[in-house]
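First the structure, in the form of structure tokens, and then the observations on it.
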Amino acid sequence: LMQGKVVGNSFYVLDAFGLPVEGTETRVNAGADANEYLGDYMEVCDSVGRHEQICGWYHSHPGYAPWLSGIDVGTQSLYQKHQEPFVAIVIDPKRTVSSGKVDIG
């Protein structure tokens with residue numbers, strides 16, 4: 001997930017952290033462990049004066065190009081029902097390395 005703030009029409013991502021998830025090459029399942037981790041993480045952030053909110057999520061499509069799949073669109077819609085605005089970022093690390101520039105969508 002990405003942590004930051006929204007000012008006007010701009011997102012300021014100040015930090016990012018992964019969640020403990022189970023996944024395959026084409027699917028990811030974020031269960032109860034991920035929700036518990038998120039709650040604990042936000043409590044620790046708050047206790048040390050980091051009050052930024054979760055403002056988006058990110059993941060990779062290694063070798064598949066950065067785009068939102070149908071599952072990703074559903075995930076994004078779910079996030080946006082709870083918080084608006086909320087940003088989704090997909091990166092292709094393989095294309096990023098081979099081209100020498102970030103392949104992001």
Q.
Rounded to the nearest 0.5 Å, what separates atom NZ in K5 from atom OH in Y12?
A. 8.0 Å

Q. Taking only residues two or more places apart in sequence, or in another chain, which ones meet H51 in a side-chain hydrogen bond (donor to acceptor under 3.5 Å, both in side chains)?
A. D46

Q: List in chain and number order the residues that pass side chain to side chain contact (heavy atoms under 4.5 Å, CB included) with Y58, two or more places apart in sequence or in another chain; answer none if no residue qualifies.
A: M2, A16, I89

Q: Check side-chain hydrogen bond (donor to acceptor under 3.5 Å, both in side chains) between S69 and all other residues, then give those that pass, not counting sequence neighbours.
A: D72

Q: Taking the side chain as every heavy atom from C-beta outward, state whether H59 and I91 have any pair of such atoms under 4.5 Å apart.
A: no

**Q.** CD (E36) with more than 12 external heavy atoms under 6.0 Å
**A.** no

Q | Pairwise distance OG(S77) to NE2(H82) - rounded to 0.5 angstrom | A | 11.0 Å

Q) How are the rings of F17 and Y41 set to each other: parallel, tilted or perpendicular (split at 30° and 60°)? A) parallel

Q. Would one find more than 12 heavy atoms of other residues, nucleotides or ligands at under 6.0 Å from atom CD of Q83?
A. yes

Q: Please answer whether the main-chain N or O of W67 pairs with a side-chain N or O of H61 as donor and acceptor at a distance below 3.5 Å.
A: yes

Q) Less than 4.0 Å between a side-chain N and a carboxylate O, is that true for K94 and D103? A) no

Q) Rounded to the nearest 0.5 Å, what separation is found between the CD atom of E52 and the CG atom of D15? A) 8.0 Å

Q | Any donor-acceptor N/O pair, Q3 side chain to M42 backbone, under 3.5 Å | A | no

Q) Quick one: does T75's side chain get under 4.5 Å of L68's, heavy atoms only? A) no

Q) Between S60 and P93, what is the shortest heavy-atom contact and its length? A) CB-CD, 3.7 Å

Q | Close side-chain approach of L1 and Y79, heavy atoms under 4.5 Å | A | yes

(Q) Test of understanding: clusters of I, L, V, M, F, W, Y form through side-chain heavy atoms closer than 4.5 Å, transitively. Do W57 and V6 belong to the same one? (A) no

Q. If we only count heavy atoms from C-beta on, is the P85 to F11 side-chain gap below 4.5 Å?
A. yes

Q | hydrophobic_cluster_shared for L19 and F86, side chain cutoff 4.5 Å | A | yes

Q: Please answer whether the main-chain N or O of G63 pairs with a side-chain N or O of D92 as donor and acceptor at a distance below 3.5 Å.
A: yes

